[in-house]
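Because the structure is a prediction, the values reported are computed rather than measured.
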Amino acid sequence: MVYKVFRNYKAMLIIAAVCGILAAVVAANEWKKITGTKDVLVAAVEIQPGKELTSKEVAIEPKNEKDLPSDKISDLTELEGKAPRGVIPLGTVLRQSMFQPIEQFGAEGMLREHPGRKAVAFQMDIETTVGGQIKQGSAVDIHAIIASAAGEKKSVVAEKAPILVISLPSAENKNSGAVIVALTPQEIDMLVRTSAESAKYKFVLLPRD
């Protein structure tokens, strides 16, 4: 009997807690309607251009809806695949017009995320795209395969190299496709040495962090 009463009491507490949470949510939404406010994203830090945002760089704040621009941003998912065109000061309400697709920054813009590295192009083929699975932002290990009379020699050119841009072939030249990778100076030296030996290159796609 005591156990049954305790179990019922526990269930009532859970139901009361859930109802309390729902009531708080409804009350908050009603208050926003009354006060005319809307939750929007603002810059939590001074945001630099050319880099996709993370939750660490934005904050949600209620703002007077009458004062908000029509292209205001309310959720970080609206900015997937986009990056700021320029510097965004701390506290600024984020707008769609402040952003553009990250691929439009090109390799030069993407290098801002990888200081000390330089952009290098590889011919697009089944090996350098891992069967078409490589995407902008992927990370790869790059292996050089050098054929000789004594057999194949393999060496590692780069590890965890970020893919900057996938440049698709033009209609006029189907062989113009390229995979642009960010390499360190040491990796570029290794690439030059293996290229002089007519190496072929194989990319190994790594899992995303």
Side-chain angles (χ1 to χ4, degrees), residues 45 47-58 75-88 96 98-209:
V45 296
I47 298 172
Q48 300 302 312
K51 184 178 180 180
E52 193 167 358
L53 300 189
T54 68
S55 58
K56 296 179 181 179
E57 296 155 319
V58 299
D75 194 281
L76 194 58
T77 57
E78 298 176 46
L79 294 177
E80 288 182 0
K82 298 179 181 180
R85 299 173 182 271
V87 174
I88 301 177
Q96 288 289 353
M98 297 175 178
F99 296 82
Q100 68 182 31
I102 200 163
E103 60 268 16
Q104 292 184 12
F105 287 91
E108 186 177 2
M110 294 291 291
L111 278 172
R112 295 187 184 124
E113 295 186 41
H114 308 285
R117 293 177 177 263
K118 297 180 180 180
V120 178
F122 288 81
Q123 180 74 42
M124 179 183 286
D125 59 32
I126 193 170
E127 300 290 359
T128 58
T129 63
V130 192
Q133 297 305 304
I134 292 290
K135 296 179 175 63
Q136 186 179 48
S138 295
V140 296
D141 290 343
I142 302 175
H143 297 263
I145 302 171
I146 302 167
S148 66
E152 283 188 347
K153 182 175 69 173
K154 300 178 182 178
S155 58
V156 177
V157 172
E159 293 181 322
K160 297 183 179 180
I163 302 296
L164 300 178
V165 177
I166 308 294
S167 180
L168 298 176
S170 64
E172 296 78 17
N173 184 358
K174 294 183 178 180
N175 294 320
S176 61
V179 180
I180 316 300
V181 186
L183 300 182
T184 66
Q186 295 79 11
E187 291 168 344
I188 292 173
D189 288 342
M190 184 65 174
L191 176 64
V192 171
R193 288 197 299 270
T194 55
S195 180
E197 297 182 70
S198 301
K200 293 183 178 180
Y201 298 98
K202 178 186 288 289
F203 285 19
V204 178
L205 180 60
L206 303 176
R208 286 188 180 270
D209 294 334

Peer 1: Write out all pairs satisfying ring pair (Phe, Tyr, Trp, His ring centres under 6.0 Å) with one or both partners inside residues 164-183, taking only residues at least two apart or from two chains.
Peer 2: none
Peer 1: Mind listing the side-chain donor-acceptor pairs of residues 131-139 below 3.5 Å, one per line with the distance, residues two or more places apart or on another chain?
Peer 2:
unit_1: Gln136; atom_1: NE2; unit_2: Leu164; atom_2: O; d: 2.8
unit_1: Ser138; atom_1: OG; unit_2: Lys135; atom_2: N; d: 3.0
unit_1: Ser138; atom_1: OG; unit_2: Lys135; atom_2: O; d: 2.9

Peer 1: List in chain and number order the residues that pass side chain to side chain contact (heavy atoms under 4.5 Å, CB included) with Ser170, two or more places apart in sequence or in another chain; answer none if no residue qualifies.
Peer 2: Glu172, Asn173, Ser176
Peer 1: If you look at every heavy atom in Ala107 and Val165, which pair is closest and at what distance?
Peer 2: N-CG2, 3.6 Å
Peer 1: Checking Thr77 now: which residues fulfil side chain to side chain donor-acceptor pair (under 3.5 Å) with it, not counting sequence neighbours?
Peer 2: Asp75
Peer 1: Glu113 side chain to Met110 main-chain N or O, any donor-acceptor pair under 3.5 Å?
Peer 2: no
Peer 1: Under the side chain to side chain donor-acceptor pair (under 3.5 Å) definition, can you give me all pairs with a residue in residues 142-169, not counting sequence neighbours?
Peer 2: Lys153-Glu197
Peer 1: Should we say atom CD of Glu108 is surrounded by more than 12 heavy atoms from elsewhere, each under 6.0 Å from it?
Peer 2: no
Peer 1: Can you tell me if Gln123 uses its side chain to pair, donor with acceptor, with the backbone of Thr128 under 3.5 Å?
Peer 2: no
Peer 1: Can you name the residues that form a salt bridge (Lys or Arg N to Asp or Glu O under 4.0 Å) with Lys202, not counting sequence neighbours?
Peer 2: Glu127
Peer 1: Partners of Asp141 by side chain to side chain donor-acceptor pair (under 3.5 Å), sequence neighbours excluded?
Peer 2: none
Peer 1: Within a strict 4.5 Å, meaning less than it, do heavy atoms of the Leu183 and Ile142 side chains meet?
Peer 2: yes
Peer 1: Partners of Glu187 by salt bridge (Lys or Arg N to Asp or Glu O under 4.0 Å), sequence neighbours excluded?
Peer 2: Arg117
Peer 1: Can you sort out the partners of Phe122 under ring pair (Phe, Tyr, Trp, His ring centres under 6.0 Å), two or more places apart, ordered by chain and number?
Peer 2: Tyr201, Phe203
Peer 1: Give the intermediate values and the outcome of side chain to side chain contact (heavy atoms under 4.5 Å, CB included) for residues Ile166 and Val179.
Peer 2: CA-CA 5 Å; Ile166 308 294; Val179 180; 4.1 Å; yes
Peer 1: Using the side chain to side chain contact (heavy atoms under 4.5 Å, CB included) criterion, which residues pair with Pro115? Sequence neighbours excluded.
Peer 2: none
Peer 1: Quick one: ring pair (Phe, Tyr, Trp, His ring centres under 6.0 Å) pairs with a partner in residues 163-183, sequence neighbours left out?
Peer 2: none
Peer 1: For Asp189, which residues count as a side chain to side chain donor-acceptor pair (under 3.5 Å) partner, sequence neighbours excluded?
Peer 2: none
